[in-house]
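Contents: one structure, followed by commentary.
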Amino acid sequence: MAAKHVRNNDSLYNTLFFLEVTMSKHLIIGASSAIAQSMIMEILKKEHSIIAISRSRIPDALASSTNLQWIQCDYSTAGIQSICQQLSKTLPELNSLYICNGILHNHDLYPEKQIKQFKAENFHSVMHVNAALPMIWLQSITPYLSRRQHLKVVLFSARIGSIGDNELGGWHSYRASKAALNMLARNYAIEMNRSHKQVSITLFHPGTTNTNLSKPFQKNVTPNKLFEPNFVAQQLLSIMEKQISKDISYIDWQGKPIPW
Ligand SMILES: NC(=O)c1ccc[n+]([C@@H]2O[C@H](COP(=O)([O-])OP(=O)(O)OC[C@H]3O[C@@H](n4cnc5c(N)ncnc54)[C@H](OP(=O)(O)O)[C@@H]3O)[C@@H](O)[C@H]2O)c1
């Protein structure tokens with residue numbers, strides 16, 4: 001990658017400067033998400049560098065990518081802290097951080113239609129993955145950030161986490177977990193605005209996207225409202241490229257604000 005861009009092989013300084021201004025660094029957590037996978041492909045096309053973190057192993061399609069470092073994590077607090085320590089030199093140079101993790105259903109749980117289906121243990125699992133886990137990552141990453149760092153943090157939220165927009169009800173645990181994520185992110189933004197003024201937070205709603213997460217709920221979605229992951233990835237990356245630093249925003253795939 002480096003050799004391709006070097007115009008003056010004798011000048012190490014020029015080379016390093018060139019790489020610094022052209023090669024941005026991205027950290028993507030929850031990298032097995034279908035939207036995350038599409039983002040990784042798009043970012044690699046631009047020859048930027050990515051660190052991807054997931055419970056899963058690197059997919060075969062990405063195994064030979066030179067600008068990609070894939071790290072497996074069990075998402076325990078100790079595991080997360082250990083990865084952050086391992087990345088201590090890279091974290092202060094990051095340009096963007098994406099936390100994609102989110103569950104709506106799995107073998108053990110399904111979104112509730114009515115309060116009679118609510119189960120505290122399922123609520124705790126959804127809350128943990130969708131709201132607590134992103135915060136444990138931010139808590140563990142923040143001590144390594146530089147105070148002057150320009151960093152764009154994107155947390156995958158959902159329109160359904162909007163309290164103002166909730167007209168339909170249902171999906172109690174998922175809704176509550178995304179609303180909690182929004183509140184926690186807002187708190188984090190306030191704290192960061194005191195110490196790390198160039199860090200911006202974006203809570204992102206991808207729209208209904210054709211992934212495992214939405215599979216059981218797609219039959220009532222009109223085809224033009226069901227997006228493919230690569231469309232959403234391109235939308236998000238283009239929004240983030242144009243974004244001028246703002247403490248916090250809660251936006252959809254068009255970049256339009258969502259009521260809190
Ligand atoms: N698809 C939609 O229609 C839609 C709509 C609104 C919002 N969203 C949000 O968009 C984000 C990405 O979702 P997606 O549609 O791309 O879904 P997906 O392909 O099913 O990806 C699932 C994501 O959740 C993580 N995950 C799953 N189970 C987990 C667990 N037990 N512990 C920790 N992490 C777990 C995965 O991380 P690993 O890489 O570690 O496996 C992966 O990042 C989610 O936050 C979702 O809530 C999606």
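Bear in mind the structure is a predicted one, so any value in this text is a computation, not a measurement. Ligands are counted one by one from 1 in listed order, and the atoms in each one are counted from 1 as well. No hydrogens, no waters, no symmetry mates; every other heavy atom, side chains included, goes into these values.
Looking at Leu213, Val221, Leu155, Asn130 and measuring to atom 4 (C) of ligand 1, the nearest heavy atom belongs to Leu213. Compare Tyr75, Phe227, Trp253, Phe156 by their heavy atoms: the one nearest to atom 40 (O) of ligand 1 is in Tyr75. The option with the heavy atom closest to atom 44 (C) of ligand 1, from among Pro206, Gly161, Pro134, Cys100, is Cys100.
Distances between N or O atoms of His205 and those of ligand 1 include no value under 3.5 Å. Of the N or O atoms in Gly30, one or more lie within a sub-3.5 Å distance of an N or O in ligand 1. Looking at Ala34 next to ligand 1, an N or O pair under 3.5 Å apart turns up. Residue Lys178 places at least one N or O, backbone or side chain, under 3.5 Å from an N or O of ligand 1. Taking distance alone, with nitrogen or oxygen atoms compared against 3.5 Å, Ser32 approaches ligand 1 more closely than that limit.
Leu97 places none of its side-chain heavy atoms less than 4.5 Å from the side chain of Trp137. Between Tyr98 and Ile40 the shortest side-chain heavy-atom distance does not fall below 4.5 Å. Put simply, the side chain of Gln117 does not reach to within 4.5 Å of the side chain of Asn122, judged on heavy atoms. Between Phe227 and Gln235, the closest side-chain pair of non-hydrogen atoms is not below 4.5 Å. Side-chain contact between His205 and Ser157 is absent, with no heavy-atom pair separated by less than 4.5 Å.
Of all the heavy atoms of Thr209, the ones lying under 4.0 Å from any atom of ligand 1 are found in both the backbone and the side chain. Only the side chain of Leu133 comes within contact range of ligand 1, with a heavy atom under 4.0 Å; no backbone atom does. Residue contacts with ligand 1 for Ala31 involve N, CA, C or O but no side-chain atom from C-beta outward (heavy atoms, distance under 4.0 Å). By the criterion of a heavy-atom distance under 4.0 Å, the side chain of Val129, and not its backbone, is placed next to ligand 1. Heavy atoms of Tyr174 found under 4.0 angstrom from ligand 1 belong exclusively to the side chain.
Residues Leu94 and Met135 share a single hydrophobic cluster, defined by chaining ILVMFWY side chains whose heavy atoms lie under 4.5 Å apart.
For atom 16 (O) of ligand 1, the closest non-hydrogen atom on the protein side is Ser33 OG, 2.8 Å. For atom 30 (C) of ligand 1, the closest non-hydrogen atom on the protein side is Arg55 NH1, 3.4 Å. When hydrogens are left out, the protein atom nearest atom 34 (N) of ligand 1 is Asn101 ND2, 3.0 Å; that is the closest non-hydrogen contact. The protein heavy-atom contact nearest to atom 15 (O) of ligand 1 is Thr211 OG1, 2.6 Å. The shortest contact between atom 22 (C) of ligand 1 and any protein heavy atom is with Gly102 O, 3.8 Å.
In this structure, Phe217 and His105 have perpendicular ring planes: the angle between them is above 60°, well past the 30° mark.
Heavy-atom neighbours of Asp74 CG from other residues, nucleotides or ligands within 6.0 Å: above the threshold of 12. Within a 6.0 Å radius of NZ in Lys119, other residues, nucleotides and ligands contribute 12 heavy atoms or fewer.
Proximity to Ala158 (heavy-atom distance under 4.0 Å) selects the following atoms of ligand 1: 6 (C), 7 (C). Within ligand 1, the atoms closer than 4.0 Å to a non-hydrogen atom of Thr208 are 3 (O), numbered from 1 in the order shown. Close contacts of ligand 1 with Ser214, meaning ligand atoms under 4.0 Å from a residue heavy atom, involve 3 (O). Each of the atoms 27 (C), 28 (N), 29 (C) of ligand 1 lies under 4.0 Å from some heavy atom of Ile103.
Trp260 contributes atom CH2, which lies 9.0 Å from atom CD1 of Ile258 (distance to the nearest 0.5 angstrom). Put simply, CE on Met192 and CG on Leu145 are 5.0 Å apart, with the number rounded to the nearest 0.5 Å. One distance of note links CZ of Arg194 with CD1 of Ile190; it measures 7.0 Å at 0.5 Å rounding.
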Pairs of donor and acceptor atoms involving the side chains of residues 161-171, under 3.5 Å and at least two apart or interchain, shall be tabulated with distances.
| unit_1 | atom_1 | unit_2 | atom_2 | d |
| --- | --- | --- | --- | --- |
| Ser162 | OG | Gly164 | N | 3.4 |
| Ser162 | OG | Asp165 | N | 2.9 |
| Ser162 | OG | Pro259 | O | 2.7 |
| Asn166 | OD1 | Leu168 | N | 3.4 |
| Asn166 | OD1 | Gly169 | N | 2.9 |
| Asn166 | OD1 | Arg175 | NH1 | 3.3 |
| Asn166 | OD1 | Arg175 | NH2 | 3.4 |

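At least one heavy atom of Ser157 sits less than 4.0 Å from an atom of ligand 1. A heavy-atom separation below 4.0 Å is found between Gly207 and ligand 1.
For the pair Thr202 (side chain) and Phe204 (backbone), a donor-acceptor distance under 3.5 Å is absent.
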